[in-house]
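Notes to accompany the following structure.
Numbers here simply count residues along the sequence, with the first being 1.
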Amino acid sequence: QVQLVESGGGLVQAGGSLRLSCAASGRTFSVYVMGWFRQAPGKEREFVAAIRWSGGSTYYADSVKGRFTISRDNAKNTMYLQMNSLKPEDTAVYYCAQRGGTYLSTDSRDYAYWGQGTQVTVSS
(Lines give C-alpha, C1' and ligand atoms only; values in the text may rest on other atoms or scores of the structure.)
Protein backbone atom coordinates (compact mmCIF):
# COMPACT_ATOMS: atom_id res chain seq x y z
CA GLN A 1 0.00 0.00 0.00
CA VAL A 2 1.17 3.50 -0.85
CA GLN A 3 0.33 6.62 1.10
CA LEU A 4 0.45 9.98 -0.64
CA VAL A 5 0.16 13.26 1.25
CA GLU A 6 -0.13 16.61 -0.53
CA SER A 7 0.70 19.98 0.97
CA GLY A 8 1.37 23.54 -0.11
CA GLY A 9 -2.03 24.66 -1.33
CA GLY A 10 -3.49 28.03 -0.42
CA LEU A 11 -4.88 31.33 -1.61
CA VAL A 12 -2.85 33.41 -4.04
CA GLN A 13 -3.51 36.34 -6.34
CA ALA A 14 -3.50 35.96 -10.08
CA GLY A 15 0.06 36.06 -11.38
CA GLY A 16 1.43 34.61 -8.18
CA SER A 17 3.15 31.31 -7.44
CA LEU A 18 2.70 28.26 -5.25
CA ARG A 19 4.66 25.04 -4.82
CA LEU A 20 2.80 21.84 -4.05
CA SER A 21 4.47 18.83 -2.49
CA CYS A 22 3.46 15.18 -2.47
CA ALA A 23 5.22 12.89 -0.01
CA ALA A 24 5.07 9.17 -0.72
CA SER A 25 5.47 6.36 1.78
CA GLY A 26 4.80 2.67 1.98
CA ARG A 27 5.46 -0.03 -0.59
CA THR A 28 5.66 1.74 -3.93
CA PHE A 29 5.78 0.02 -7.29
CA SER A 30 9.29 -0.94 -8.36
CA VAL A 31 8.88 1.21 -11.47
CA TYR A 32 6.34 3.98 -11.40
CA VAL A 33 4.99 7.27 -12.60
CA MET A 34 3.59 10.01 -10.43
CA GLY A 35 1.15 12.60 -11.57
CA TRP A 36 -0.77 15.71 -10.59
CA PHE A 37 -4.46 16.06 -11.34
CA ARG A 38 -6.93 18.76 -10.40
CA GLN A 39 -10.67 19.06 -9.99
CA ALA A 40 -12.62 22.28 -9.97
CA PRO A 41 -16.18 22.48 -8.58
CA GLY A 42 -18.66 20.97 -10.99
CA LYS A 43 -15.96 19.72 -13.34
CA GLU A 44 -14.29 16.40 -13.98
CA ARG A 45 -10.86 15.62 -12.66
CA GLU A 46 -8.24 16.64 -15.21
CA PHE A 47 -4.62 15.81 -15.82
CA VAL A 48 -2.00 18.44 -15.02
CA ALA A 49 1.44 16.83 -15.23
CA ALA A 50 3.27 13.53 -14.77
CA ILE A 51 6.82 12.42 -14.13
CA ARG A 52 8.56 9.11 -14.60
CA TRP A 53 10.28 8.47 -11.29
CA SER A 54 13.28 6.75 -12.83
CA GLY A 55 14.80 9.06 -15.38
CA GLY A 56 12.60 12.06 -14.72
CA SER A 57 10.79 12.30 -18.04
CA THR A 58 7.81 14.63 -17.81
CA TYR A 59 4.59 15.44 -19.60
CA TYR A 60 2.25 18.42 -19.18
CA ALA A 61 -1.25 19.39 -20.06
CA ASP A 62 -1.32 22.17 -22.65
CA SER A 63 -3.14 24.43 -20.20
CA VAL A 64 -0.17 24.52 -17.80
CA LYS A 65 2.79 24.06 -20.14
CA GLY A 66 5.34 26.81 -19.62
CA ARG A 67 3.82 27.85 -16.27
CA PHE A 68 4.01 24.70 -14.13
CA THR A 69 7.03 22.50 -13.47
CA ILE A 70 6.88 18.98 -12.07
CA SER A 71 9.93 17.57 -10.32
CA ARG A 72 10.92 14.96 -7.77
CA ASP A 73 13.43 14.38 -4.99
CA ASN A 74 14.34 10.72 -4.92
CA ALA A 75 16.00 10.92 -1.51
CA LYS A 76 12.87 12.41 0.07
CA ASN A 77 10.37 10.35 -1.96
CA THR A 78 8.65 13.63 -2.67
CA MET A 79 7.19 15.11 -5.84
CA TYR A 80 6.67 18.81 -6.42
CA LEU A 81 4.58 21.04 -8.63
CA GLN A 82 5.90 24.55 -9.01
CA MET A 83 3.07 26.72 -10.25
CA ASN A 84 3.89 30.16 -11.64
CA SER A 85 1.79 32.81 -13.37
CA LEU A 86 -1.31 31.40 -11.74
CA LYS A 87 -4.70 32.21 -13.21
CA PRO A 88 -8.17 32.11 -11.63
CA GLU A 89 -8.97 29.11 -13.84
CA ASP A 90 -6.23 27.16 -12.03
CA THR A 91 -8.45 27.16 -8.93
CA ALA A 92 -9.13 23.54 -7.97
CA VAL A 93 -8.33 20.77 -5.56
CA TYR A 94 -4.99 19.32 -6.62
CA TYR A 95 -4.32 15.61 -6.20
CA CYS A 96 -1.16 13.59 -6.56
CA ALA A 97 -1.34 10.02 -7.76
CA GLN A 98 0.88 7.04 -8.53
CA ARG A 99 0.73 4.29 -11.11
CA GLY A 100 2.99 1.36 -11.84
CA GLY A 101 5.03 1.18 -15.03
CA THR A 102 6.63 3.85 -17.18
CA TYR A 103 3.77 5.21 -19.26
CA LEU A 104 3.08 8.89 -18.58
CA SER A 105 -0.66 8.43 -18.60
CA THR A 106 -3.06 11.37 -18.59
CA ASP A 107 -6.03 9.15 -17.65
CA SER A 108 -6.89 9.22 -13.95
CA ARG A 109 -8.22 5.66 -14.21
CA ASP A 110 -4.69 4.40 -14.78
CA TYR A 111 -3.52 5.60 -11.37
CA ALA A 112 -3.82 3.22 -8.42
CA TYR A 113 -3.02 5.45 -5.46
CA TRP A 114 -4.23 8.92 -4.63
CA GLY A 115 -3.63 11.57 -2.03
CA GLN A 116 -6.38 13.44 -0.21
CA GLY A 117 -5.94 16.64 -2.22
CA THR A 118 -4.94 20.20 -1.44
CA GLN A 119 -6.97 23.30 -2.29
CA VAL A 120 -5.51 25.96 -4.57
CA THR A 121 -7.48 29.17 -4.94
CA VAL A 122 -6.37 31.93 -7.30
CA SER A 123 -8.13 35.27 -6.89
CA SER A 124 -8.50 37.76 -9.72
Side-chain angles (χ1 to χ4, degrees):
Q1 192 74 4
V2 176
Q3 293 80 43
L4 302 174
V5 179
E6 303 99 333
S7 61
L11 173 64
V12 64
Q13 289 189 331
S17 299
L18 280 175
R19 189 177 81 155
L20 305 183
S21 300
C22 173
S25 61
R27 296 188 64 179
T28 63
F29 296 101
S30 58
V31 177
Y32 58 95
V33 164
M34 292 192 68
W36 287 100
F37 290 78
R38 66 187 181 185
Q39 188 165 20
K43 294 188 176 182
E44 292 188 353
R45 191 168 297 189
E46 66 172 356
F47 170 78
V48 175
I51 186 165
R52 190 172 292 138
W53 204 257
S54 176
S57 298
T58 60
Y59 187 75
Y60 295 91
D62 288 342
S63 58
V64 306
K65 201 173 295 183
R67 300 188 298 123
F68 291 10
T69 302
I70 189 171
S71 62
R72 90 276 194 232
D73 184 327
N74 288 346
K76 295 182 179 179
N77 282 336
T78 300
M79 175 178 67
Y80 303 98
L81 186 68
Q82 177 66 43
M83 304 186 294
N84 299 328
S85 303
L86 282 162
K87 305 175 182 179
E89 51 264 43
D90 294 318
T91 295
V93 177
Y94 283 70
Y95 299 90
C96 67
Q98 187 182 105
R99 69 179 303 270
T102 60
Y103 179 57
L104 295 168
S105 176
T106 63
D107 190 338
S108 62
R109 295 170 296 180
D110 289 337
Y111 289 78
Y113 300 108
W114 291 83
Q116 82 289 350
T118 185
Q119 177 70 48
V120 171
T121 303
V122 184
S123 63
S124 57

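- Phe29 CZ to Arg27 CZ: the interatomic distance, rounded to the nearest 0.5 Å, is 11.5 Å.
- Note that CZ of Arg72 is 11.0 Å distant from CG of Asn77, once rounded to the nearest 0.5 Å.
- With Gln98 contributing its side chain and Ala112 its backbone, the two residues share no donor-acceptor pair below 3.5 Å.
- Side-chain atoms of Trp53 and Tyr32 form a donor-acceptor pair, as typed in the model, at a separation below 3.5 Å.
- Salt bridge Lys65/Asp62: present, at least one basic N to carboxylate O contact under 4.0 Å.
- A heavy-atom distance below 4.5 Å is not found between the side chains of Lys87 and Val122.
- Taking 4.5 Å as the limit, some side-chain heavy atom of Gln119 sits within range of a side-chain heavy atom of Thr91.
- Atom CD1 of residue Ile51 and atom SG of residue Cys96 lie 13.0 Å apart, to the nearest 0.5 angstrom.
- A heavy-atom distance below 4.5 Å is not found between the side chains of Phe37 and Asp107.
- Between Lys76 and Ser21, every side-chain heavy-atom pair lies at or beyond the 4.5 Å cut-off.
- By the 6.0 Å and 45° rule, Arg19 stacks over the aromatic ring of Tyr80.
- Checked against a 6.0 Å centroid threshold, the rings of Phe47 and Tyr111 do not count as neighbours.
- Here the OH atom belonging to Tyr95 is positioned 13.0 Å from the CG atom belonging to Leu4, to the nearest 0.5 angstrom.
- The backbone N or O of Thr118 lies less than 3.5 Å from no partner atom in the side chain of Glu6, so there is not a single donor-acceptor pair.
- A distance of 4.0 Å separates CZ in Phe68 from CG in Asp90, rounded to the nearest 0.5 Å.
- Taking OH of Tyr60 as the reference point, atom CG of Leu104 lies at 10.5 Å (rounded to 0.5 Å).
- Taking the side chain as every heavy atom from C-beta outward, Met83 and Leu20 approach each other to under 4.5 Å.
- Between Arg38 and Val64 there is a side-chain heavy-atom pair separated by less than 4.5 Å.
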